[in-house]
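A short write-up of the structure that comes next.
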Amino acid sequence: VAPQIDDEITAEHIEEALRDLQTTLKYADPEERKQVVQENVKEVRIPPEGDAELVSAPDGFARLFGVHSNGDPEESRVMQ
């Protein structure tokens, strides 16, 4: 359940949203997966050695909680 705009976003909210995203990616067709990744990942960094690093797109992840990174869906308040 997404937190209300006045509620604090907790680690549990984040974990639940990421599990939902993971489930979406697991069952989506290739075009849907591509769209979800494009909405939620700003950049993929691939170092010469080690694991790739994903840089999140703040507005994409904020939508998982029903808000924009700069405020609520109506953009009338700033998230603190």
Looking only at non-hydrogen atoms, find the nearest pair between Ala52 and Pro47 and report the distance. CA-CD, 4.1 Å
Over all atoms of both residues, closest heavy-atom pair of Glu39 and Ala57: O-CB, 3.7 Å
Using 4.0 Å as the upper bound for N to carboxylate O, is an ion pair formed by Glu31 and Arg33? no
Interatomic distance, [X] atom [atom1] to [Y] atom [atom2] [nearest 0.5 angstrom]:
X: Leu18; Y: Thr23; atom1: CG; atom2: OG1; result: 10.5 Å
X: Arg19; Y: Thr24; atom1: CZ; atom2: OG1; result: 13.0 Å
X: Lys42; Y: Leu54; atom1: NZ; atom2: CG; result: 13.5 Å
X: Asp29; Y: Gln35; atom1: CG; atom2: CD; result: 9.5 Å

Report yes if the side chains of Leu25 and Val37 come closer than 4.5 Å at any heavy-atom pair, otherwise no. yes
Do Val44 and Glu53 come within less than 4.5 Å of each other through their side chains, counting heavy atoms only? no
Would the number of heavy atoms belonging to other residues, nucleotides or ligands and lying under 6.0 Å from CD of Gln22 be above 12? no
Does atom CG of Asp51 have more than 12 heavy-atom neighbours from other groups under 6.0 Å away? no
